Protein chains: 2
Amino acid sequence: MAVKCDNCPLRELEIFVPFTTEEARFMKGFKIGELTVDAQTPLLIEGSNAPQLYTVLAGQGVRFKTLEDGRRQVVNFVFPGDFIGLQAGVMGEMGHSITSATEMTLCVFDRAEIWSLFKSHPDRAFDLTWLAASEEMFLGESLATIGQRSALEAVAWTLQRLFQRGEALGLTTANEMPLPFRQQDLADALGLSLVHTNKTLAKLKDRGMVLWQDGVLGILDRTGLSDVAGIPMEALRPRPLI
Amino acid sequence: MAVKCDNCPLRELEIFVPFTTEEARFMKGFKIGELTVDAQTPLLIEGSNAPQLYTVLAGQGVRFKTLEDGRRQVVNFVFPGDFIGLQAGVMGEMGHSITSATEMTLCVFDRAEIWSLFKSHPDRAFDLTWLAASEEMFLGESLATIGQRSALEAVAWTLQRLFQRGEALGLTTANEMPLPFRQQDLADALGLSLVHTNKTLAKLKDRGMVLWQDGVLGILDRTGLSDVAGIPMEALRPRPLI
DNA sequence: CGAATGCTTGATGTTCTTCAAAGGTTGTGG
DNA sequence: CCACAACCTTTGAAGAACATCAAGCATTCG
């Protein structure tokens, strides 16, 4: 197993605030291994109390909740740098499930160590709270999108957000990035039917704004998309990396 | 100003995990005052960086986001025991606004002290993270409700959740609790129009499940409501009080 | 080659929105 | 103390956005 904390590729990215050397040393101890899983592998299950926490090193996944009758709500998409399992880590229960969409590589941490993190590394504990608050903020925006925006606006909003994350993570080349999800995933994220999502995507494509084919998302008209999405196309703010 | 930490009425409630005496002493120092505001007073503004954090001692309020064009999404309702301003506290910016719906009394904390909390009181810091994760979990459920449930299910779900909170906080008498919001607030919480929300409420009323009139919510058929809501009517789990 | 999966498109329904208006309550100024 | 405005709730009617149903097409995989 490659212990890569020191030369973790994610640390190079501007989106992540730099570690101090002391922090890096602690994180190396906090880490207990590395995990690689295939696409479509369940990582965490809603309602369960996972013994492990992860930071995504590579690959994409999906966070989702399942209702009693099988309806599915995609809560967010998972990208490199995301810390997953925090809810189980602090509350003892996950509020949603996470499944890989591609092959994924994860940094594995011991859930039992989280308390020692709070006791001996207040700066890292603060970062953890920062991440939780950040996720809360994002879910608030998602709520506003699903609740208030039309299907066209919502799809534009989501694709733009995904692209912004892709850019921050260096996944883009020119105006394209890999987007290894199904239209059904997007539909479940927006509370729309697959059919209507498909037709809405077609509308954005007809307008020459985006093109999402074969797992690749292309942004053809940034300002046009931004107008429909109702948010500016700007860089994401730096965030801590756990 | 009454320094009431020691005999804070909220501490009596089972929903809140008890303070240790040491924690209580620290909280007393963390607290810098008490604030009472009228109904319909803005407490925190989206995008701003509030210098103060609050714990709600009494009264109700509304968390909401406003879109560029004025559409409003109610993110959650605010009840006694809620800690507000955490996003500004850790990220330096609020993701939503908060306005009082009734007269409210708030415990005021100094935002600058939050860092000392992390350094010297890891247990309290952990509680803060717990709260953030808990809010994240709730927003995930809300997302699933807005995205997947029908109007009838969504209204039932929301009223049940509100009543569960009311019970945990001792606001209920028999099957009633004060619910000082407008139908428009509920509509904005669910992404529905006011008209449709009204008609949906009438439907639940016709079925003899709930009655919401003159600021009082009555639950007439708990099991029936629970069935429509799609979640069990059970007590909320204990949570930390900050 | 057949089966499975995901994308696409047309036709038909239903949920929900918008528009419009009226009734009840509260507060305020004349 | 009445008149009037402001606010919230309620109800009916018409229209739009989105869901459901159904089927065809392409690609992948065993």
Side-chain angles (χ1 to χ4, degrees), chain A residues 38-40 60 62 67 69-74 99 101-103 145-159 178-206 210-218 228, chain B residues 38-40 60 62 67 69-74 99 101-103 145-159 178-206 210-218 228:
Chain A
D38 287 338
Q40 309 300 333
Q60 278 95 332
V62 174
L67 272 59
D69 60 359
R71 283 175 287 185
R72 189 180 79 133
Q73 174 68 40
V74 168
T99 294
T102 63
E103 176 176 305
T145 295
I146 296 186
Q148 306 300 324
R149 294 192 225 260
S150 69
L152 192 74
E153 294 169 326
V155 170
W157 184 88
T158 305
L159 293 181
L179 195 66
F181 306 110
R182 296 163 305 169
Q183 293 188 2
Q184 184 70 62
D185 295 321
L186 179 59
D188 288 344
L190 298 175
L192 298 171
S193 70
L194 169 62
V195 172
H196 197 62
T197 302
N198 178 283
K199 288 173 181 170
T200 305
L201 280 167
K203 206 172 279 184
L204 287 174
K205 179 170 140 192
D206 289 346
V210 303
L211 207 157
W212 180 20
Q213 274 180 349
D214 305 318
V216 176
L217 171 67
V228 177
Chain B
D38 287 339
Q40 308 301 334
Q60 278 95 335
V62 173
L67 272 60
D69 59 359
R71 285 175 286 186
R72 189 180 78 132
Q73 175 69 40
V74 169
T99 295
T102 64
E103 177 176 305
T145 295
I146 297 185
Q148 306 300 324
R149 294 192 226 259
S150 69
L152 192 74
E153 294 169 326
V155 170
W157 183 88
T158 306
L159 294 181
L179 195 67
F181 306 108
R182 297 162 305 169
Q183 293 188 3
Q184 183 71 63
D185 295 321
L186 179 59
D188 288 345
L190 297 176
L192 298 171
S193 69
L194 170 61
V195 172
H196 196 61
T197 302
N198 178 283
K199 288 174 180 169
T200 305
L201 281 167
K203 207 172 279 185
L204 287 173
K205 180 170 140 192
D206 289 345
V210 302
L211 207 157
W212 180 21
Q213 273 180 350
D214 305 319
V216 176
L217 171 67
V228 177

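Fair warning: this is a prediction, and the values are worked out from it, not measured in the lab. In what follows, chains are A, B, ... by sequence order, proteins preceding strands, each numbered from 1. Side-chain atoms are counted along with the backbone in the values below, which use heavy atoms only and exclude waters and symmetry mates.
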- request: Measure from CG on A:L217 to C1' on C:dC7 and round the result to the nearest Å.
  value: 16 Å
- prompt: Hey, does the side chain of B:Q183 come within less than 4.0 Å of D:dT10's phosphate (OP1/OP2), counting only N and O?
  reply: yes
- prompt: With A:Q183, which of A:D188, A:V195, A:L201 fulfils side chain to side chain contact (heavy atoms under 4.5 Å, CB included)?
  reply: A:L201
- request: Give the rounded distance in Å between these two atoms: NZ of B:K205 and C1' of D:dT9.
  value: 10 Å
statement: CD of A:Q213 to CG of A:L179, rounded to nearest 0.5 Å, is 13.0 Å
Nearest to side-chain heavy atoms of B:H196, which nucleotide of C:dC16, C:dT8, D:dT20: C:dC16
task: Quickly work out the B:N198 CG to C:dA21 P distance and round it to whole Å.
output: 18 Å
- request: Can you tell me the distance, in whole Å, between the CG atom of A:L201 and the P atom of C:dC7?
  value: 9 Å
query: How close or far is atom P of C:dT15 from atom NZ of B:K203, stated in whole angstroms?
result: 8 Å
field: Candidate list A:L190, A:V228, A:T145, A:V210, test side chain to side chain contact (heavy atoms under 4.5 Å, CB included), partner A:V155, passing option
entry: A:L190
task: Assign B:G191 to base, sugar-phosphate, or nothing according to its heavy-atom contacts below 4.0 angstrom with the strands shown.
output: sugar-phosphate
query: When you match A:V195 and B:Q184 each to their closest nucleotide on DNA chain D, which lands nearer the 5' end?
result: B:Q184
query: Could A:D206 and A:K203 be called an ion pair, given the rule that one side-chain N must be under 4.0 Å from one carboxylate O?
result: no
